[in-house]
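Since the structure comes first, as structure tokens, the remarks are kept for the end.
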Amino acid sequence: LLPGLLRPGGVYSYFNGIASHDAFLHRVYCEAARRHLHSLGLTATFEPVRVSVAPGTWEGAEAGRNWWALEHYSLPVCVRRRREEGEADG
């Protein structure tokens with residue numbers, strides 16, 4: 001569905017909050033997403049966005065768990081690739 005909504009060169013992004021507590025797992029999920037998006041005809045990059053949270057921000061949050069514990073958020077920037085010759089529409 002997604003590739004059909006974007007024209008070649010069109011840009012798409014989404015909320016990338018998976019594994020927000022573990023930098024290693026977050027990178028693994030970003031790579032898995034990048035590969036999946038590539039199979040759909042999209043080139044995905046992840047732009048680091050610094051996240052600074054004031055002390056006490058998460059007080060009272062569910063189970064006391066921080067929603068985001070990493071220094072950087074990986075902002076997905078996905079661009080629909082231009083169709084190459086012989087490539088089927090996606």
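Every heavy atom of this structure was used, including side-chain atoms; hydrogens, water molecules and symmetry mates were not.
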## Note on the structure
For Asp22 and Leu25, the nearest pair of non-hydrogen atoms, with its separation, is OD1-N, 2.9 Å
### Summary
When every non-hydrogen atom of Leu6 is compared with those of Val11, the smallest separation belongs to CD2-O, 3.9 Å
### Message
For Arg35, give me all partners under salt bridge (Lys or Arg N to Asp or Glu O under 4.0 Å), at least two apart in sequence or on another chain.
### Response
Glu31
### Main-chain N/O of Leu42 paired to Arg80 side chain as donor or acceptor, under 3.5 Å
no
### Task
To the nearest 0.5 angstrom, please state how far the OG atom of Ser13 sits from the CG atom of Leu75.
4.5 Å
### Query
Can you name the nearest heavy-atom pair linking Ala44 to Leu37, along with the distance?
CB-CD1, 3.8 Å
### Summary
Sorted by chain and residue number, the side chain to side chain contact (heavy atoms under 4.5 Å, CB included) partners of Thr43 (sequence neighbours excluded) come out as Arg81
### Set of side chain to side chain contact (heavy atoms under 4.5 Å, CB included) partners for Ala32, sequence neighbours left out
none
### Task
Check side chain to side chain contact (heavy atoms under 4.5 Å, CB included) between His72 and all other residues, then give those that pass, not counting sequence neighbours.
Pro48, Arg50
### Task
For Leu70 and Ala19, work out which heavy atoms get closest and say how close.
CD1-O, 4.1 Å
### Task
Just grab all the salt bridge (Lys or Arg N to Asp or Glu O under 4.0 Å) pairs involving residues 7-17, residues at least two apart or on different chains.
none
### Message
Would the distance check show the side chain of Arg82 and the main-chain N or O of Pro8 forming a donor-acceptor pair, the cut-off being under 3.5 Å?
### Response
yes
### Task
Would you please name every residue forming a side chain to side chain contact (heavy atoms under 4.5 Å, CB included) with Asn16, sequence neighbours left out?
Tyr14, Ile18, His26, Cys30, Phe46, Tyr73, Ser74, Pro76
